[in-house]
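Naming: A, B, ... by sequence-line order, numbering from 1 per chain. None of the values given here were measured: they were computed from a predicted structure.
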Protein chains: 2
Amino acid sequence: MTMSTALLTDHYELTMLQAALRSGAAHRRAVFEVFARHLPGGRRYGVVAGAGRVLDELERFRFGDEELTFLQEHNVVDEPTLAFLAEYRFSGSIHGYREGDLYFPASPIMVVEGTFAEAVLLETLILSVLNHDCAIASAASRMVNAAGKRPIIEMGARRTHEQAAVAAARAAYLAGFSSTSNLQAGRLYGIPTAGTAAHAFTLLHDSEEQAFEAQIATLGPGTTLLVDTYDVREAVRTAVELAGEKLGAVRIDSGDLAAAAQEVREQLDSLGAFHTRILVTSDLDEYAIAALAAAPVDGYGVGTSLVTGSGVPTAALVYKLVARETRTGKLEPVAKRSVGKPSRGGRKQAYRLLNKSDHYETELVTTSGLVPEGGVPLLTEFVREGEIVGREPLAEARARHAEAIARLPQDALHLARGYAAIPTEFA
Amino acid sequence: MTMSTALLTDHYELTMLQAALRSGAAHRRAVFEVFARHLPGGRRYGVVAGAGRVLDELERFRFGDEELTFLQEHNVVDEPTLAFLAEYRFSGSIHGYREGDLYFPASPIMVVEGTFAEAVLLETLILSVLNHDCAIASAASRMVNAAGKRPIIEMGARRTHEQAAVAAARAAYLAGFSSTSNLQAGRLYGIPTAGTAAHAFTLLHDSEEQAFEAQIATLGPGTTLLVDTYDVREAVRTAVELAGEKLGAVRIDSGDLAAAAQEVREQLDSLGAFHTRILVTSDLDEYAIAALAAAPVDGYGVGTSLVTGSGVPTAALVYKLVARETRTGKLEPVAKRSVGKPSRGGRKQAYRLLNKSDHYETELVTTSGLVPEGGVPLLTEFVREGEIVGREPLAEARARHAEAIARLPQDALHLARGYAAIPTEFA
């Protein structure tokens with residue numbers, strides 16, 4: 001097994017390459033753009049995530065011996081195409097919206113320019129990464145807004161593909177989650193990891209008291225004890241008896257969380273454990289989090305709904321050829337004339353226009369080259385002549401997202417289904 | 001980057017290990033079981049998929065220097081725990097339902113036995129694989145049933161995480177899809193790959209005719225031409241002019257597919273291309289496939305809805321401690337007493353009972369050791385004392401699934417929401 005990403009690609013990208021090499025059109029300059037025709041699920045904004053991962057995977061997009069042997073033995077492409085692939089290095093340019101920024105319908109969140117041959121090959125991989133990561137980050141951002149200042153731990157690894165889980169933790173952190181249960185996400189991306197114990201740990205011991213004792217002995221009284229294996233009230237009493245007022249937190253994972261949190265808070269206070277925090281988990285999504293706003297909860301753990309995009313597991317992003325070189329060497333806009341699938345030809349620029357109070361007002365997408373006064377340019381350079389120039393620390397994307405959310409019109413944060421928070425205009 | 005799967009694990013598995021090593025309970029024998037409390041989405045049956053991947057990933061579940069260094073530097077666990085992890089090899093046993101078989105609420109689809117320490121560590125990884133793969137296979141099976149004898153190509157890579165896409169293609173093939181667009185799935189699992197061209201290929205050329213010519217020249221007249229970039233009727237005429245009656249297929253990717261297929265069939269027949277097949281794609285799911293049953297369609301391509309589980313992206317499988325050794329060395333059933341989350345203690349056996357016409361009648365889950373007369377045992381041995389013994393070719397799982405579907409009561413194949421096709425009984 002190699003770490004090449006080259007075969008994370010649809011068969012037809014390679015047959016198109018073969019046919020275009022044969023027709024000679026493969027070497028025409030081409031512009032592909034990634035955009036969403038709409039925001040699925042009635043979302044009011046999308047969150048850009050995954051660009052950093054695209055760059056990581058682009059570096060490993062190489063057809064080595066193993067990949068070429070597979071393609072040859074299975075007659076996927078002919079010999080001239082195999083020769084092209086053996087030498088393949090993306091030598092074009094990629095611009096895109098920065099991670100953590102927002103996007104709206106038709107925002108050109110990634111623009112890939114090169115020959116047709118080199119740009120078409122990246123379609124599947126770029127869409128896989130962006131469709132997944134943007135969907136997760138967009139859901140995560142709503143949860144973070146619903147949680148207000150309370151932290152959210154991402155803990156969805158077990159509910160999604162094992163590698164998707166790592167990317168989901170990254171997208172969630174970028175959108176404002178405080179930590180993740182996923183150790184590989186901690187290792188790869190430096191995200192703080194968290195977690196203490198499951199019900200199995202309590203069930204393993206001969207009594208809940210023995211389990212709590214064992215946990216406190218090794219993780220200290222500041223640990224989080226899971227209190228709903230048997231009886232919550234008894235568990236809380238035992239927990240405070242054993243850990244004292246320094247008990248870090250208790251976690252409740254079942255039942256009516258609002259009512260349970262209220263009871264537990266009163267009990268903790270009555271026992272003098274005023275600073276012991278209450279964490280809740282159990283099928284939370286942004287709506288459940290919002291419904292707990294008035295409950296004495298200090299933090300949330302979110303799993304399933306985060307990694308599945310809370311009803312929107314994929315971002316509906318497409319990768320479309322918008323311009324290509326003609327026989328005469330001119331770059332010409334192109335677009336499919338399709339039923340019900342709007343798309344606009346021509347290489348785009350994008351700007352965000354702000355109102356007088358510095359809030360976002362309009363997403364301006366233009367093919368004219370005109371730069372609007374006061375407009376914030378949204379496309380940044382990721383790849384220049386094949387060289388990756390657009391890397392940044394994840395913390396920057398995270399900070400950018402928080403700033404972007406603060407500039408949205410207030411009604412953009414409503415959880416109900418709606419329209420895009422700002423209109424997209426074309427010039 | 002290493003290929004170890006050991007950090008695809010939740011932080012709390014390791015802190016539980018640490019605390020259990022400290023309390024001494026880590027070395028107690030334990031039985032964990034994977035099961036679904038319900039079939040989400042009103043599905044009537046679930047499809048087992050992922051066990052083969054679990055075995056592949058179990059082999060690579062090793063804490064090497066890189067993993068241990070991360071855990072040490074980030075103070076995830078203490079020195080005795082690091083020492084345990086460095087030597088970690090799963091030495092217990094795993095039994096499970098075979099891939100392609102069906103499951104129902106409470107079916108113990110995987111049973112992991114070992115010490116608590118060695119079995120608890122596998123929770124996250126096993127659930128990630130099974131929750132993803134079972135969800136995809138369960139959706140895929142419904143699509144295959146809806147398609148009848150018509151083949152379905154899996155083409156959802158671009159709509160999900162790039163590695164999840166590979167596993168999704170595997171799950172879809174296991175459930176009866178005929179091929180995949182995903183080259184990596186072809187390479188890793190031997191699944192036939194398919195695909196010819198996208199709209200970009202037509203747009204790249206100066207005319208549709210030139211694009212079709214180029215494609216036919218290199219892929220032969222038996223290729224599939226995409227006919228809806230501009231005008232379908234013109235495209236079909238051009239396609240048959242260029243490829244003749246030997247034109248393999250045309251693909252329609254937009255519009256009212258039933259009406260378009262009807263028109264294209266009539267046109268193809270009028271041009272003498274009686275054997276040219278019609279493939280349709282464009283946001284198909286099991287319902288859309290079923291709605292096309294009467295249309296002259298020869299094959300389907302399914303993307304988004306397959307890789308997102310057609311509304312059920314995760315299978316709601318849990319991994320629960322059901323028995324553990326007591327201080328006196330006896331294996332004792334355990335279960336959380338939780339609100340609204342039923343689970344049953346004790347190591348299970350499972351059998352499927354058939355009626356007189358050899359159709360499935362009952363899923364029998366028992367802790368008694370009693371073997372029901374004529375019951376088909378459902379648990380097979382995957383791992384014996386740490387050694388993997390349960391590998392099988394993917395083709396066997398695929399054949400098993402087709403056989404299992406044939407033994408379901410007929411109403412199990414209704415697409416509408418409903419209850420489990422057969423009841424689960426406990427003995």
Side-chain angles (χ1 to χ4, degrees), chain A residues 7-12 15-16 18-19 22-23 25 70 116 124-125 127-129 131-132 157-165 167 181 183-184 187 193-201 203-206 214-215 217-219 229-230 254-255 304 308 313-314 321 324 334 336-339 341, chain B residues 7-12 15-16 18-19 22-23 25 70 116 124-125 127-129 131-132 157-165 167 181 183-184 187 193-201 203-205 214-215 217-219 229-230 254-255 304 308 313-314 321 324 327 334 336-339 341:
Chain A
L7 293 188
L8 299 171
T9 297
D10 285 330
H11 187 119
Y12 82 175
T15 47
M16 282 193 276
Q18 174 177 319
R22 174 86 168 233
S23 75
F70 165 77
F116 176 81
T124 311
L125 183 61
L127 283 180
S128 289
V129 173
N131 266 319
H132 176 267
R158 64 190 56 195
R159 303 283 178 232
T160 187
H161 183 276
E162 64 278 13
Q163 296 292 346
S181 66
L183 292 168
Q184 181 71 349
R187 170 158 159 241
T193 61
T196 56
H199 297 108
F201 183 75
L203 294 171
L204 169 69
H205 288 83
D206 297 318
Q215 187 177 329
T218 188
L219 299 176
T229 303
Y230 304 114
S254 53
T304 308
T308 59
T314 186
L321 182 70
R324 53 96 175 129
V334 291
K336 172 174 185 276
R337 287 184 229 131
S338 180
V339 192
K341 289 185 179 175
Chain B
L7 292 187
L8 299 172
T9 297
D10 285 330
H11 187 119
Y12 81 176
T15 48
M16 281 193 276
Q18 175 177 319
R22 175 85 168 232
S23 75
F70 166 77
F116 176 81
T124 310
L125 183 62
L127 282 179
S128 290
V129 172
N131 266 320
H132 177 268
R158 64 189 57 196
R159 304 283 177 231
T160 187
H161 183 277
E162 65 278 13
Q163 297 292 346
S181 66
L183 292 168
Q184 182 70 352
R187 173 163 156 234
T193 62
T196 55
H199 298 108
F201 182 75
L203 294 171
L204 169 70
H205 288 83
Q215 189 178 327
T218 189
L219 298 177
T229 304
Y230 303 114
S254 52
T304 307
T308 59
T314 186
L321 182 69
R324 54 102 174 123
R327 259 179 314 182
V334 292
K336 174 174 184 276
R337 286 182 232 135
S338 180
V339 193
K341 289 185 178 175

* Is it the backbone or the side chain of B:R158 that comes under 4.5 Å from a heavy atom of chain A, or both, or neither? -> both
* Structure fact -> Applying a strict 4.5 Å limit to non-hydrogen atoms, the region of A:F70 in contact with chain B is side chain
* Let me see the working for B:V129 and A:E162 under side chain to side chain contact (heavy atoms under 4.5 Å, CB included), right down to the final yes or no. => CA-CA 6 Å; B:V129 172; A:E162 64 278 13; 3.5 Å; yes
* Does the B:R324 side chain pair with the main chain of A:L203, one donor and one acceptor, at a distance under 3.5 Å? -> yes
* Heavy-atom pairs under 4.5 Å with chain A, option from B:L127, B:D10, B:L8 with the top count -> B:D10
* Structure fact -> Ranked by heavy-atom pairs below 4.5 Å to chain A, first place among B:V334, B:T218, B:N131, B:L125 goes to B:T218
* Under a 4.5 Å heavy-atom cutoff, which of A:Q18, A:H132, A:M16, A:Q215 has the most pairs with chain B? -> A:M16
* Looking at B:T304, B:T314, B:T196, which has the largest count of heavy-atom pairs under 4.5 Å with chain A? -> B:T196
* To do: Measure A:R22 against the heavy atoms of chain B and call it side chain, backbone, both or neither at under 4.5 Å.
  => side chain
* Structure fact -> The interface call for A:A217 against chain B, heavy-atom contacts under 4.5 Å, is both
* Between A:H161 and B:H161, what is the ring plane arrangement, given parallel below 30°, perpendicular above 60°, and tilted in between? -> parallel
* Asked: Does A:T9 reach the main-chain N or O of A:T124 with its side chain, forming a donor-acceptor pair under 3.5 Å?
  -> no
* Could you list the residues that satisfy side chain to side chain contact (heavy atoms under 4.5 Å, CB included) with A:A25, not counting sequence neighbours? => A:S23, A:R28, B:L204, B:H205
* Asked: Residues in side chain to side chain contact (heavy atoms under 4.5 Å, CB included) with A:T15, at least two apart?
  -> A:H11, A:Y12, B:L219
